[in-house]
Amino acid sequence: MRLRRAPRPDGGRPRRGRPDLGALAPELRPLTRRTAALGSAATACTLAQALLLAHAIALGVEGVPDTGAAVLTLAGLTVAVLLRATFGALAEIDGRRTGHRAVAGLRRRIVQTTLASASSGTARPGALAATSVHGAEAVAAYAGRYVPQRVVGAIGPVLALAAVVVFDPLSAGLLAFAVPIAVVFLILVGFQARDAADERNAALGLLDGHLLDVLRGLPVLRAFGREGVQVEQIRVAGERYRGGTMAVLRAAFLSGFVLEFVAMLGTALVAVACGIRLAGGHMEFGPAIAALVLAPEVFAPLRRLGQEYHAAADAEPVLRELTAALERDGLVPDGVPGGPRPDPGVAAVVLHDVATATTDRERPALDGLDLEVAPGRTLALLGPSGSGKTTALRLLAGLRSPDTGAVTCGDVDLQGADLAAWRAGVAWIPQHPVLLPGTLRDNVLLGAAADDDAVTRALAEVGLDALLRALPDGLDARVGDGGLPLSAGERRRVAIARAIVRDPRLVLVDEPTANLDAVTAAEVVEALRRLLSGRTAVISTHDDAPLALADAVVVLHDGRASADTTFPTGARA
Amino acid sequence: MSTVAPDRTAAERTAAPEGAVAAVRRALRLATREERRRLATAAGLGALSSLAGTALLALSGYLIARAAEQPPVLSLTVAIVCVRGFGILRAVTRYGERLVGHDAVLGTLARLRASTFAALIPRVPGTVGGRSSAEMLDGVVADVDRVQDAFLRSLAPLAAGLAVAVAAVLVAAIALPAAGAIVLLVALLLGVVVPAVAQRLGRGTARGLAQLRGVVVRDVATTLDAAPEIVMSGAADRHAAAVARSGDALTDLDLREATRDAVVNGMTVAVAGLGVVGVLAVSLAARADGAIGPTTVGLLALLALGVGEALVGLPQAARELHSSADAVRRVEELSGAAEDAPVSETGAVPTDGTVDLRGVAVVRGGRTVLSGVDLHVAAGERVALRGPSGVGKSTIADLLVGFVAPQEWTGHARVGGADLRAVDGEALRRTVLHLPQDPYLFDATLRANLLLARPDAADDELEAALVAVGAGPWLAGLQDGLDTPLGERGARCSGGERQRVGLARGVLARGHRLVLLDEPASHLPPADAVAVLRAVMDAAPGRGALLVAHRDEEAALADRTVLLRARAGGCGEPRIGVGWAPDDGVAETA
């Protein structure tokens, strides 16, 4: 299956030239040596097959065939056929399996590095996940079909030509003239096939995107009576794509045409040259038929390589996208295992002149931030997106270390503390809480140990007791994907219930009311109020709704606290 | 086999792939007569190319064997010219096949996209509601793409293979009946037996593979989505182990499938090669008996070689046919259903913006979303709806614009005097305008997103509409102004900006007699929201309004407030069977 719409994460066009994807996926590298061996063996069998075929024909043409010689030749031919098929299948098995293992390995490393760095904010997690699974087929085809054919394509023509030299130097001379032309056009076929594939994929991606866009927006189109116009527009866009694509394809197919034509011409020249000399009695039949049968084998590997080229073109963007996903922020720090375990529930957590760099942005995420979170109090970080709120939360959570400055709790620098223990005491409530496939109980516990009473109490505290009562299976009801769908507000309240059962010393809340309507936001704020009461907490927000929970507000701007912005709200005084 | 439980065999039978002939006919039904003609042209050219290639080889064999008899060179001329002619014919017809075939399929795709969209119009929103609709639409788009594989990678090679098989069997049989039988055997093996074996080997894994792929995609996506949360909850190791488990299971199946594919390909190569051996064996035997001459040996040997080359792609083509069959079937069902859809566009036309709902109940997906609803709105009246969130106010809006399927609701409902069961849907939506809480923004410019509401509006009207809904400062800050692209689903806009674009559409729209304001300003600052809602209500004089309001200030915009209450004694099941009775609350006037 071809992969379409696979985005190229680097945004640039691919390098021209022979795709060798071993640089992208190290798992593919050992493949080449084994494939070379199997491919060479298959090539040798192919040549043996051609020679034995020629010999068998000669037996039948030059006179009444001797039964013993015929049986022997045909037995040899059978062995050659079976060996060739076997070596080819082995190379393909090896390649395909290696390709699948390479993608599986990349997938595993993506999961591991994502967890090890606690990364967030992959732009399109669903698309990347789909590529990590469905892209395997393209990589397997590349490794199982293209890579072996590349070996055969490199040595096959040379060996075939060498064999022709033995039988008939004149034919070899004719072929030696045609082969370079064929190679030139093979390379052209490669480039143009890739250009055509790129063009088609890009155009098809746009078309698919457009179709999906108008399908998703159908309710709006219908509301304004514009749906009929779109039908025609989709058809026109498709026709435009057809015109553009055909222009590219005409050029790409033309190279293929020339390649075929040169191959045919080379074979025909050999046939005619041999035929005329045969008829004139200047040549034996044996060498003539050998040259004739070998001649197509000079070109066949090149033609097949051209046909398999698209496999390489499809695999490359897959590997690029997956490899790019491995580039992550730094690892989650461990601090000093067994070191001090400061308690944010009794001592203030302080950010001292903290700065952090980001890999993907020019300016630092945090640029000299000072912050104090008093024990038992709630601090709100207010600011637009990109102002460094989430980075500040990650520092407080112990998910990353500051580049300069320090994060302390009491007298302990967190870098010298037992950070695993620290994180165990912190509850993180993200903007988009995840529902893991499983029961409502699993999703509240998320690995924590608590009995059903505690889970039920936590759900009641966040106002989900009515939902729980309405579920025939109660806590055993499956939620999320394939189960009971939960609204955005309900998901956030489940996340708050998660925090409640963990009884954390520090609560970090990221954008609790973003993208919620006023009523739902009020419900979430109400659920948070019960959790935060008496606990140390930091809420990041760009809207005003959660400010009612805060004892103090710090306005963040460009990675700094704006001057004189810390003020007690007295909301909970 | 006899021990297999009957229900399992039944399940297998329903899932059993249809025959190849049925699959071919189904794919061809998707094309129009004209498109079928062009596909047939492409297939004909492909067949001609394959035939020429095989004939080229067979004739070369004849030529070289004949030359060995040392005839006058002139007597070889015809054969030599034919060899060259077949060579040129093969290359030219291949080129033609690829051009005509791709052009035909791209044309078919363009039409199918449009007709698939047209087929979905009456279903979105509606029966395709709920969370899975996005995935479903994704699937539709992928299915349409997949159709081209059925044509290009399956039907065309199958047609060419069939032509070569028939011609080669005939020629070989005339030259030597035993050789004809062997060529027939090779064709049957490559065209029927090997694909059947491949399918049989894959039957067990295909569904498991699809299912496992879904699981792994979901697991990986969850990880990418929620890594910080998973790490903070201390579940990272457990989660990584779970993902590795499903991933390993998938890899196992993938590896097994890879081996099977390669083995099938090896079998194909072996069958084609052994066919040559077989033809040679019977030819040499016949030659030893004196039944055939030397030229026939040359012809048959290279004919067998050519047949193998031409038919070696058959198993792959059969596999494509099989694997694209599901997509073809779904596309066909979709377009077929479009023709069967009831034509509601001939129904009654609402005369004004009055609403008259009595005892309306809506059941969607087995859940009662509304029950016992009475609601009356006079022409030009502005009514505020207040009540608990999540009790189906959006469902009322859907009903009033005809987005609730007739079988999903009961009761009495009229808009502008027209019964909603017999109303002309398009006329209804020309009468009632729905402004939702989360307006859809298209991946297009701001201008295009606004022109939707009034295609003939000038730029200054669009800008005035944006200013009216408080988006003036935003617009002023946009470097490209109305030409600013808004991104996929309006990704470059904040929630508030999205809502303002939606509200600006409401200001621009003309001709509606009633506007449904379904919390379209919920993300705006409260003070702003009131002013903006007023601007939308005042934009078209005489236009009535049904406003879902949460705050007193918003409700004060209306002539009258209807209080919606969750029904008392609702068995503690607020999500299921929530009923509420309007008009039993206090009706207030502004």
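Chain letters run A, B, ... following the sequence lines, proteins first and then strands; every chain starts at 1. All values below were derived from every heavy atom in this structure, side-chain atoms included, with hydrogens, water molecules and symmetry-related copies excluded.
- Looking at residues two or more places apart in sequence or on another chain, you find a salt bridge (charged side-chain N to carboxylate O under 4.0 Å, His left out) between B:Asp103 and A:Arg242, B:Arg38.
- No side-chain heavy atom of A:Val111 sits under 4.5 Å from any side-chain heavy atom of B:Leu224.
- Among A:Ile234, A:Thr67, A:Val81, A:Asp213, the residue making the largest number of heavy-atom pairs under 4.5 Å with chain B is A:Asp213.
- For B:Asp248, the salt bridge (charged side-chain N to carboxylate O under 4.0 Å, His left out) test picks out A:Arg108, with sequence neighbours left out.
- Side-chain contact, A:Arg97 with B:Thr259: a donor N or O sits under 3.5 Å from an acceptor N or O.
- Both the backbone and the side chain of B:Arg505 come within contact range of chain A, with heavy atoms under 4.5 Å apart.
- With a 4.5 Å cut-off on non-hydrogen atoms, A:Phe285 touches chain B through its side chain but not through its backbone.
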(message) Working note: B:Glu229 + A:Arg498, criterion salt bridge (charged side-chain N to carboxylate O under 4.0 Å, His left out); need CA distance, chi angles, decisive distance, verdict.
(response) CA-CA 11 Å; B:Glu229 197 180 3; A:Arg498 276 176 192 161; 2.4 Å; yes
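- Looking at heavy atoms from C-beta onward, B:Pro228 lies in side-chain contact with A:Leu399 at the 4.5 angstrom threshold.
- In this structure, chain A has no heavy atom under 4.5 Å from any part of B:Ser283.
- With a 4.5 angstrom heavy-atom cutoff, A:Leu254 touches chain B via backbone and side-chain atoms both.
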(request) Report the C-alpha separation of B:Ser115 and A:Arg235 in whole Å, then their side-chain angles, then the decisive distance to 0.1 Å, and conclude whether the side-chain contact (heavy atoms from CB on, under 4.5 Å) test is met. (result) CA-CA 9 Å; B:Ser115 68; A:Arg235 209 189 54 73; over 6 Å; no
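- At a 4.5 Å heavy-atom cutoff, the contact between B:Val231 and chain A is made by side-chain atoms alone.
- Here A:Leu215 contributes atom CG and B:Arg113 contributes atom CZ; the two are 10.5 Å apart, rounded to the nearest 0.5 Å.
- Scanning both residues, B:Leu76 and A:Gly275, for their nearest heavy atoms gives CD1-O, 4.4 Å.
- At distances below 3.5 Å, at least one donor-acceptor pair connects side-chain atoms of B:Arg287 with backbone N or O atoms of A:Gly60.
- Partners of B:Arg213 under the salt bridge (charged side-chain N to carboxylate O under 4.0 Å, His left out) rule, at least two apart in sequence or in another chain, are A:Glu137, B:Asp254.
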(request) Before giving the answer on side-chain contact (heavy atoms from CB on, under 4.5 Å), spell out for A:Arg107 and B:Thr251 the whole-Å C-alpha distance, their side-chain angles and the decisive distance to 0.1 Å. (result) CA-CA 11 Å; A:Arg107 192 169 58 218; B:Thr251 308; 3.4 Å; yes
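- Residues of residues 86-94 of chain A lying under 4.5 angstrom from chain B, judged on non-hydrogen atoms, are A:Ala89, A:Glu92, A:Ile93 in numerical order.
- Looking at A:Ser132, only its side chain comes within 4.5 Å of chain B, counting heavy atoms on both sides.
- Taking the six-membered ring for Trp and thresholds of 30 and 60 degrees, A:Phe257 and B:Tyr95 have ring planes inclined between 30 and 60 degrees apart.
- Ion pairing between A:Arg222 and B:Glu426 fails under the 4.0 Å rule for side-chain N and carboxylate O.
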